[in-house]
Amino acid sequence: GQQLNQSPQSMFIQEGEDVSMNCTSSSIFNTWLWYKQDPGEGPVLLIALYKAGELTSNGRLTAQFGITRKDSFLNISASIPSDVGIYFCAGPTYGSGNTGKLIFGQGTTLQVKP
Amino acid sequence: ETGVTQSPTHLIKTRGQQVTLRCSSQSGHNTVSWYQQALGQGPQFIFQYYREEENGRGNFPPRFSGLQFPNYSSELNVNALELDDSALYLCASSLVGEQYFGPGTRLTVT
(Lines give C-alpha, C1' and ligand atoms only; values in the text may rest on other atoms or scores of the structure.)
Protein backbone atom coordinates (compact mmCIF):
# COMPACT_ATOMS: atom_id res chain seq x y z
CA GLY A 1 0.00 0.00 0.00
CA GLN A 2 0.94 3.65 -0.11
CA GLN A 3 3.44 4.82 2.47
CA LEU A 4 4.92 8.15 3.40
CA ASN A 5 8.47 8.28 4.72
CA GLN A 6 9.44 11.22 6.87
CA SER A 7 12.92 12.32 7.78
CA PRO A 8 14.53 12.97 10.06
CA GLN A 9 12.76 10.91 12.69
CA SER A 10 13.72 13.41 15.41
CA MET A 11 15.53 16.70 15.77
CA PHE A 12 16.98 18.52 18.75
CA ILE A 13 17.85 22.11 17.96
CA GLN A 14 18.70 25.40 19.61
CA GLU A 15 16.08 28.13 19.82
CA GLY A 16 16.43 30.50 16.87
CA GLU A 17 17.70 27.87 14.44
CA ASP A 18 15.92 27.00 11.22
CA VAL A 19 14.46 23.53 10.77
CA SER A 20 13.88 21.47 7.66
CA MET A 21 12.06 18.16 7.34
CA ASN A 22 10.78 16.21 4.37
CA CYS A 23 8.37 13.56 3.33
CA THR A 24 8.64 11.18 0.38
CA SER A 25 6.33 8.65 -1.22
CA SER A 26 6.57 5.93 -3.83
CA SER A 27 3.19 7.07 -5.17
CA ILE A 28 1.90 10.36 -6.49
CA PHE A 29 -0.24 12.53 -4.25
CA ASN A 30 -2.36 15.41 -5.52
CA THR A 31 -2.51 17.06 -2.11
CA TRP A 32 0.02 17.29 0.68
CA LEU A 33 -0.91 18.26 4.23
CA TRP A 34 1.34 19.11 7.15
CA TYR A 35 0.07 18.67 10.71
CA LYS A 36 1.54 19.34 14.13
CA GLN A 37 0.57 17.26 17.15
CA ASP A 38 1.20 18.18 20.76
CA PRO A 39 1.27 15.40 23.40
CA GLY A 40 -2.22 14.05 24.14
CA GLU A 41 -3.83 16.25 21.51
CA GLY A 42 -5.15 15.75 18.00
CA PRO A 43 -3.13 16.85 14.96
CA VAL A 44 -3.57 20.50 13.95
CA LEU A 45 -3.43 21.39 10.27
CA LEU A 46 -0.54 23.76 9.51
CA ILE A 47 -0.34 23.96 5.73
CA ALA A 48 -2.19 22.41 2.78
CA LEU A 49 -0.60 22.13 -0.68
CA TYR A 50 -2.64 21.45 -3.80
CA LYS A 51 -0.40 21.98 -6.83
CA ALA A 52 2.96 20.53 -7.85
CA GLY A 53 5.69 23.11 -7.30
CA GLU A 54 3.52 25.16 -4.95
CA LEU A 55 5.31 27.01 -2.16
CA THR A 56 3.07 28.12 0.71
CA SER A 57 3.84 29.99 3.91
CA ASN A 58 2.05 30.25 7.23
CA GLY A 59 3.98 32.64 9.46
CA ARG A 60 7.41 31.13 10.11
CA LEU A 61 6.40 27.92 8.35
CA THR A 62 6.99 27.30 4.66
CA ALA A 63 6.06 24.13 2.80
CA GLN A 64 6.63 23.04 -0.77
CA PHE A 65 4.84 20.50 -2.95
CA GLY A 66 7.50 18.65 -4.93
CA ILE A 67 7.47 18.80 -8.72
CA THR A 68 7.32 14.99 -8.99
CA ARG A 69 4.26 14.97 -6.64
CA LYS A 70 6.09 12.35 -4.62
CA ASP A 71 7.61 14.59 -1.99
CA SER A 72 7.08 17.63 0.17
CA PHE A 73 9.20 19.76 2.47
CA LEU A 74 8.43 21.76 5.59
CA ASN A 75 10.71 24.48 6.88
CA ILE A 76 10.43 26.36 10.16
CA SER A 77 12.43 29.54 10.50
CA ALA A 78 13.74 31.01 13.75
CA SER A 79 12.40 28.20 15.94
CA ILE A 80 10.88 28.97 19.34
CA PRO A 81 10.12 26.66 22.29
CA SER A 82 6.42 26.33 21.35
CA ASP A 83 7.45 24.71 18.06
CA VAL A 84 8.11 21.55 20.09
CA GLY A 85 5.91 18.67 18.98
CA ILE A 86 5.52 15.98 16.35
CA TYR A 87 5.14 17.05 12.74
CA PHE A 88 3.30 14.76 10.35
CA CYS A 89 2.96 14.87 6.62
CA ALA A 90 -0.19 13.36 5.17
CA GLY A 91 -1.71 12.75 1.78
CA PRO A 92 -5.24 11.73 0.83
CA THR A 93 -6.19 8.72 -1.26
CA TYR A 94 -9.63 8.85 -2.82
CA GLY A 95 -12.47 6.43 -3.25
CA SER A 96 -16.03 7.69 -3.67
CA GLY A 97 -17.14 10.89 -1.97
CA ASN A 98 -15.32 14.16 -1.63
CA THR A 99 -12.77 13.47 1.08
CA GLY A 100 -10.07 10.87 0.89
CA LYS A 101 -8.58 8.81 3.68
CA LEU A 102 -5.33 10.30 4.91
CA ILE A 103 -2.09 8.38 4.80
CA PHE A 104 0.33 9.70 7.44
CA GLY A 105 4.07 9.61 7.70
CA GLN A 106 5.74 8.34 10.85
CA GLY A 107 6.30 11.86 12.14
CA THR A 108 9.30 14.06 12.94
CA THR A 109 9.72 14.85 16.62
CA LEU A 110 11.09 18.33 17.18
CA GLN A 111 12.66 19.47 20.43
CA VAL A 112 13.86 23.04 20.90
CA LYS A 113 16.41 23.99 23.52
CA PRO A 114 15.88 27.53 24.91
CA GLU B 1 -17.50 28.26 14.93
CA THR B 2 -17.21 25.12 17.09
CA GLY B 3 -14.42 22.73 16.19
CA VAL B 4 -14.42 18.96 16.33
CA THR B 5 -15.19 17.57 19.76
CA GLN B 6 -14.82 14.04 21.09
CA SER B 7 -16.00 12.22 24.18
CA PRO B 8 -14.95 10.82 26.49
CA THR B 9 -11.42 12.16 26.88
CA HIS B 10 -10.08 9.05 28.54
CA LEU B 11 -11.47 5.57 28.97
CA ILE B 12 -10.27 2.39 30.64
CA LYS B 13 -11.83 -0.92 29.62
CA THR B 14 -11.18 -4.58 30.24
CA ARG B 15 -10.29 -7.04 27.50
CA GLY B 16 -13.45 -8.49 25.94
CA GLN B 17 -15.63 -5.48 26.74
CA GLN B 18 -17.26 -3.17 24.22
CA VAL B 19 -16.73 0.59 23.88
CA THR B 20 -18.46 3.49 22.12
CA LEU B 21 -16.62 6.69 21.29
CA ARG B 22 -18.37 9.84 20.11
CA CYS B 23 -17.47 12.67 17.78
CA SER B 24 -19.21 15.93 16.91
CA SER B 25 -18.10 17.31 13.58
CA GLN B 26 -17.29 20.91 12.84
CA SER B 27 -20.33 22.94 11.81
CA GLY B 28 -21.18 22.38 8.15
CA HIS B 29 -18.90 19.36 7.70
CA ASN B 30 -20.67 16.30 6.30
CA THR B 31 -17.80 13.81 6.40
CA VAL B 32 -16.27 12.18 9.47
CA SER B 33 -13.20 9.97 9.43
CA TRP B 34 -11.89 7.86 12.32
CA TYR B 35 -8.23 7.09 12.95
CA GLN B 36 -6.35 4.96 15.44
CA GLN B 37 -3.01 6.26 16.68
CA ALA B 38 -0.79 3.88 18.61
CA LEU B 39 1.95 5.34 20.76
CA GLY B 40 4.83 6.67 18.68
CA GLN B 41 3.10 6.19 15.35
CA GLY B 42 1.13 8.20 12.86
CA PRO B 43 -2.67 7.90 12.75
CA GLN B 44 -4.07 4.89 10.86
CA PHE B 45 -7.33 5.22 8.95
CA ILE B 46 -10.20 3.10 10.33
CA PHE B 47 -13.18 4.24 8.23
CA GLN B 48 -15.01 7.25 6.93
CA TYR B 49 -18.67 8.27 6.95
CA TYR B 50 -20.21 10.56 4.35
CA ARG B 51 -23.86 11.54 4.64
CA GLU B 52 -24.56 8.67 7.05
CA GLU B 53 -23.03 5.97 4.84
CA GLU B 54 -19.68 4.24 5.27
CA ASN B 55 -17.40 5.60 2.57
CA GLY B 56 -14.20 3.63 2.74
CA ARG B 57 -12.57 1.40 5.32
CA GLY B 58 -9.00 0.73 6.34
CA ASN B 59 -7.43 -2.53 7.41
CA PHE B 60 -9.43 -3.03 10.60
CA PRO B 61 -11.55 -6.06 11.57
CA PRO B 62 -15.37 -6.02 11.57
CA ARG B 63 -15.47 -5.61 15.35
CA PHE B 64 -14.70 -1.96 14.58
CA SER B 65 -17.96 -0.41 13.43
CA GLY B 66 -19.47 3.03 13.23
CA LEU B 67 -22.45 5.23 12.65
CA GLN B 68 -23.10 8.72 11.40
CA PHE B 69 -26.22 10.60 12.41
CA PRO B 70 -28.33 13.13 10.46
CA ASN B 71 -26.52 16.00 12.24
CA TYR B 72 -23.23 14.43 10.97
CA SER B 73 -22.00 13.48 14.42
CA SER B 74 -20.55 9.99 14.58
CA GLU B 75 -19.85 7.02 16.81
CA LEU B 76 -17.08 4.46 16.74
CA ASN B 77 -17.89 1.11 18.34
CA VAL B 78 -15.33 -1.55 19.16
CA ASN B 79 -16.46 -4.99 20.30
CA ALA B 80 -14.45 -7.70 22.04
CA LEU B 81 -11.67 -5.32 23.02
CA GLU B 82 -8.11 -6.56 22.80
CA LEU B 83 -5.02 -5.22 24.55
CA ASP B 84 -3.69 -3.94 21.20
CA ASP B 85 -6.73 -1.70 20.86
CA SER B 86 -5.15 0.61 23.42
CA ALA B 87 -4.52 3.81 21.49
CA LEU B 88 -5.58 7.39 20.88
CA TYR B 89 -8.72 7.41 18.72
CA LEU B 90 -9.09 10.49 16.58
CA CYS B 91 -11.97 11.69 14.52
CA ALA B 92 -11.64 14.26 11.78
CA SER B 93 -14.37 16.18 10.01
CA SER B 94 -14.28 17.72 6.56
CA LEU B 95 -16.45 19.17 3.84
CA VAL B 96 -14.09 18.94 0.91
CA GLY B 97 -10.40 18.18 1.13
CA GLU B 98 -8.77 19.25 4.39
CA GLN B 99 -9.55 17.21 7.49
CA TYR B 100 -9.72 18.82 10.93
CA PHE B 101 -9.08 16.64 13.95
CA GLY B 102 -10.61 16.52 17.37
CA PRO B 103 -8.54 16.13 20.55
CA GLY B 104 -8.98 12.37 20.60
CA THR B 105 -10.11 9.74 23.08
CA ARG B 106 -7.36 7.86 24.91
CA LEU B 107 -8.52 4.22 25.28
CA THR B 108 -6.65 1.89 27.59
CA VAL B 109 -7.51 -1.81 27.54
CA THR B 110 -6.33 -3.86 30.53
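Heavy atoms only: backbone and side chains are in, while hydrogens, waters and symmetry mates are out. Computed from a predicted structure; not experimentally measured.
With a 4.5 angstrom heavy-atom cutoff, B:Y35 touches chain A only via side-chain atoms. Within the 4.5 angstrom heavy-atom criterion, only side-chain atoms of A:L45, from C-beta onward, approach chain B. If you measure heavy-atom distances from B:Q6 to chain A, you find no contacts under 4.5 Å at all. Proximity to chain B (any heavy atom under 4.5 Å) is shown, for A:Q6, by neither the backbone nor the side chain.
Note that CH2 of A:W34 and CE of A:M21 are 6.5 Å apart. Values are rounded to the nearest 0.5 Å.
For the options A:L4, A:L102, A:T31, A:L33, heavy-atom pairs under 4.5 Å to chain B are most numerous at A:L102. Counting heavy-atom pairs under 4.5 Å between each of B:P103, B:P43, B:G104 and chain A puts B:P43 at the top. With chain B as the partner, the residue from A:G105, A:A90, A:P43 showing the most heavy-atom pairs under 4.5 Å is A:P43.
Ion pairing of B:K13 with B:D85 is absent here, as no side-chain N (NZ or NE/NH1/NH2) approaches a carboxylate O to less than 4.0 Å.
In the model, B:Y72 has no side-chain atom that pairs as donor or acceptor with a side-chain atom of B:Q26 under 3.5 Å. Of the N and O atoms on the side chains of A:T62 and A:S57, at least one donor lies less than 3.5 Å from an acceptor on the other residue. Side-chain contact annotation: A:T24 with A:D71, donor-acceptor N/O pair under 3.5 Å absent. Residues A:D18 and A:S77 have side chains that never bring a donor and an acceptor to within less than 3.5 angstrom of each other.
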